[in-house]
Amino acid sequence: MRKVKGVKVEGRGLKSKTLSGGGCYSAQSLSVFGSNKVWLSALFFTFTILSLSSFAQKTRTKMNDKQIVIYQLLPRLFGNKNTTNIPYGTIEQNGSGKFNDITDKALDGIKALHANYVWYTGAIAHASLTDYSAYGIKVDDADVVKGRAGSPYAIRDYYDVDPDLAVDVKNRMKEFEALVKRTHAKNLKVLIDFVPNHVARSYHSYAKPDGVVDFGAQDEVTKAFSPKNDFYYIPGQALVVPANGQKTPLSALQDSKFEENPAKATGNNVFSAQPKYDDWYETIKLNYGVDYQNGEKQYFDPIPPVWIKMRDILIYWTHKGVDGFRCDMAEMVPIAFWNWVIPQVKKVNPDLIFLGEAYNPKVYKQYLDEGKFDYLYDKVGLYDGLKKLIRNEPTADVAAIKHVWQVESAGFGKHMLRFLENHDEERIASAGFAGKAELALPAMLVSATLGAGPVMLYFGQEVGEPGKGQEGFGGDDNRTTIFDYWGVPDHQKWMNGGLFDGGKLSTSQQNLRAYYQQLLKVTSTSDAVINGEIYEVPVTGNMNKRMYAFIRYSGKQRLLVVANFDRTETLTANIEIPDQILKVKSSSPVTDLLTDKKLNIPAGTSIPVNMAPVSAQLIEF
């Protein structure tokens, strides 16, 4: 768990932590000509924009007025056919998926779920304990790496891809480029992570283009803070790495030493030479011109060096054909940076999307308006409320759904990403969450229809992957590890040795996948969802705090969405349709779109529903 400005959010390998800082910053008048170096960089940037614009025009494709559906996967896990699964196992023991494993058949399987974006998590090179010194890459230190494979959010080289993911390590970038081309050929778009707040303690770019200066290479390390520095320092003190006091198979590689003198501030705003084990001790905080130890004073003019370096990194990956960026911990970076950088990068490709990981509802609108984000996480709000309903918690109440669209994201719901799983969250089918994937189906319907914003699936969610077992650093935490080499058992049943045909799935898993497929087929192309209004159905019949209904309607379509989260009660009600909604469109045969079944209900002013516990209906009328 981690906290940003008092808002609790899920983290990986972390316990409760309060960040000092993480505030929001208004955009200011910014001059890009603050120094000769910055002026030269701006000139180079202008040339780059002109030279890349034709490339961007050629690669852009439109969504054809479809709802964005994102399929998130980790290439290291997604294509791994190895079933050995030794805790803390090496890449030789447990295997690793490759870019090349994401074949045309795999992409067809993803597309069958009506996804139109694929988020390739962990594509960029990050710190790990696997030895690639034969390829000119220095081995990382086990004292500052989480797990054997390492965290995808401890970037070691922003201009390289993870060598674990290459069949031919020397040609790893070409294999990534081929994956992008393969993905685009299926009319799917590519998202990758952008991790702006921190880098690995071992950061060093071996693959950077000529003229690029590494983070920290020109820093004045005797200063705790300087607007010209890329990092924050603790002068006169060497880093003291934390120890967890537990023996693991990695203990033999750890000596509680890592050469860093002076120590640099840790990624989660820890300005101490001795970060704790539950800090992000494997990362270094980047300096965007905010002096956190002196009232968070801002130094944004001239443009801080980190801003320019990060802009150039975003442009580099845009040039590789990437269609968007999921921006890690966006709220830990000044909003003024986003206001500055996003419009500049979109000059290269106006159709890029920027998706921000955000957890503070009080500043959502600010990050959309000032920060220029296209979409933000709807985690603290819809996800948290739905999780309680799925788990049948005593305090669960559908009022949480109402609060999201009527209050929390009122007026900008189409900019919120809805999901029930991602790499940070517990698997639905895990013992710690719901224990059974089908218990989340009403919630998935609500997630996909409450707004016009993106919907996301996490690989394996569609077959009920439970995230069971102690993989290594991840522990037995109801999640699929992001730190270890591992085979994902129930996902592997769908993968079926590379056939990607679901040949080893059980009947219930096949049915689950078919449900997701049908649901997203309907919602991703629904005019009522994409362009329509929303109307909350008043409490009627025996509806209680675990039952919810609303109508999405446009001039082309009317949909009644009914979700029964109750574990024991059947929902029985006669739902009255207001005249103003009946008038917007001529009547259609009343049909449950999740089953394509005509309900044989005469057109009129009401629709009777009789729904079993833990079920949902999407009724066109």
Side-chain angles (χ1 to χ4, degrees), residues 66-67 112-114 389 398 401 437-452 455 462 507-508 510-621:
K66 290 184 178 180
Q67 183 182 39
L113 290 164
H114 301 278
L389 287 161
V398 294
I401 302 172
E438 287 76 9
L439 292 172
L441 297 185
M444 190 63 209
L445 176 61
V446 172
S447 293
T449 56
L450 193 65
V455 181
E462 73 277 17
T507 300
S508 62
Q510 291 173 353
N511 292 339
L512 180 66
R513 194 174 196 276
Y515 181 94
Y516 276 98
Q517 188 170 332
Q518 178 66 15
L519 170 62
L520 293 170
K521 174 186 175 182
V522 174
T523 60
S524 65
T525 57
S526 165
D527 189 73
V529 172
I530 297 167
N531 300 309
E533 303 294 327
I534 185 170
Y535 164 82
E536 183 180 59
V537 172
V539 173
T540 183
N542 70 331
M543 290 175 67
N544 59 37
K545 66 180 182 179
R546 284 172 169 75
M547 301 169 180
Y548 196 67
F550 57 92
I551 295 171
R552 298 301 310 271
Y553 63 99
S554 69
K556 297 180 180 179
Q557 188 182 40
R558 298 184 306 221
L559 297 176
L560 171 62
V561 182
V562 190
N564 182 8
F565 296 93
D566 200 294
R567 295 284 183 93
T568 59
E569 294 293 321
T570 296
L571 191 167
T572 303
N574 200 52
I575 295 178
E576 298 291 332
I577 310 300
D579 288 342
Q580 67 267 27
I581 294 177
L582 289 172
K583 290 177 181 177
V584 299
K585 179 186 174 295
S586 59
S587 298
S588 300
V590 182
T591 306
D592 184 346
L593 297 181
L594 297 181
T595 61
D596 281 330
K597 180 182 178 181
K598 299 292 188 293
L599 298 184
N600 196 27
I601 298 171
T605 61
S606 65
I607 297 175
V609 295
N610 192 322
M611 293 171 51
V614 193
S615 65
Q617 282 189 296
L618 180 59
I619 300 171
E620 185 174 34
F621 63 96

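The first residue of the sequence shown is numbered 1, and numbering continues consecutively from there.
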Does the side chain to side chain contact (heavy atoms under 4.5 Å, CB included) test come out yes or no for Leu560 and Val537, once each step is laid out? CA-CA 9 Å; Leu560 171 62; Val537 172; 4.1 Å; yes
Ile575/Thr540 under side chain to side chain contact (heavy atoms under 4.5 Å, CB included): CA gap, chis, key distance, verdict: CA-CA 7 Å; Ile575 295 178; Thr540 183; 4.3 Å; yes
Is any side-chain heavy atom of [X] less than 4.5 Å from a side-chain heavy atom of [Y]?
{"X": "Ile577", "Y": "Thr605", "value": "no"}
{"X": "Met444", "Y": "Val455", "value": "yes"}
{"X": "Leu441", "Y": "Tyr516", "value": "yes"}
{"X": "Arg567", "Y": "Pro613", "value": "no"}

Show your reasoning for whether side chain to side chain contact (heavy atoms under 4.5 Å, CB included) applies to Val398 and Met547. CA-CA 7 Å; Val398 294; Met547 301 169 180; 5.7 Å; no
Nearest-0.5 Å distance that lies between atom [atom1] in [X] and atom [atom2] in [Y]:
{"X": "Glu620", "Y": "Leu599", "atom1": "CD", "atom2": "CG", "result": "11.0 Å"}
{"X": "His114", "Y": "Gln517", "atom1": "NE2", "atom2": "CD", "result": "5.0 Å"}
{"X": "Ile551", "Y": "Arg558", "atom1": "CD1", "atom2": "CZ", "result": "9.0 Å"}
{"X": "Lys597", "Y": "Asp592", "atom1": "NZ", "atom2": "CG", "result": "8.5 Å"}
{"X": "Leu559", "Y": "Thr591", "atom1": "CG", "atom2": "OG1", "result": "10.5 Å"}
{"X": "Leu520", "Y": "Glu462", "atom1": "CG", "atom2": "CD", "result": "10.0 Å"}

Quick check: closest heavy atoms across [X] and [Y], and the distance to 0.1 Å?
{"X": "Val446", "Y": "Ala563", "answer": "CG2-CB, 3.9 Å"}
{"X": "Pro442", "Y": "Glu438", "answer": "CD-O, 4.2 Å"}
{"X": "Ile619", "Y": "Val590", "answer": "CG2-CG1, 3.5 Å"}
{"X": "Ala616", "Y": "Met611", "answer": "CA-CE, 3.4 Å"}
{"X": "Phe550", "Y": "Ile534", "answer": "CD1-CD1, 3.8 Å"}
{"X": "Ala612", "Y": "Ser615", "answer": "O-OG, 2.5 Å"}

Consider only side-chain N and O atoms of Gln67 and Ser526, and report whether a donor and an acceptor are under 3.5 Å apart. no
For residues Asp527 and Ser554, is any side-chain donor paired with an opposing acceptor at under 3.5 Å? yes
From CA spacing to verdict: side chain to side chain contact (heavy atoms under 4.5 Å, CB included), Val609, Asn564: CA-CA 11 Å; Val609 295; Asn564 182 8; over 6 Å; no
Atom CG of Asn600 with >12 non-hydrogen neighbours under 6.0 angstrom: no
Whether over 12 other heavy atoms sit under 6.0 Å from Lys521 NZ: no
Backbone of Glu533 reached by a side-chain donor or acceptor of Arg552 within 3.5 Å: yes
Under 3.5 Å donor-acceptor, Asn542 side chain and Thr572 backbone: yes
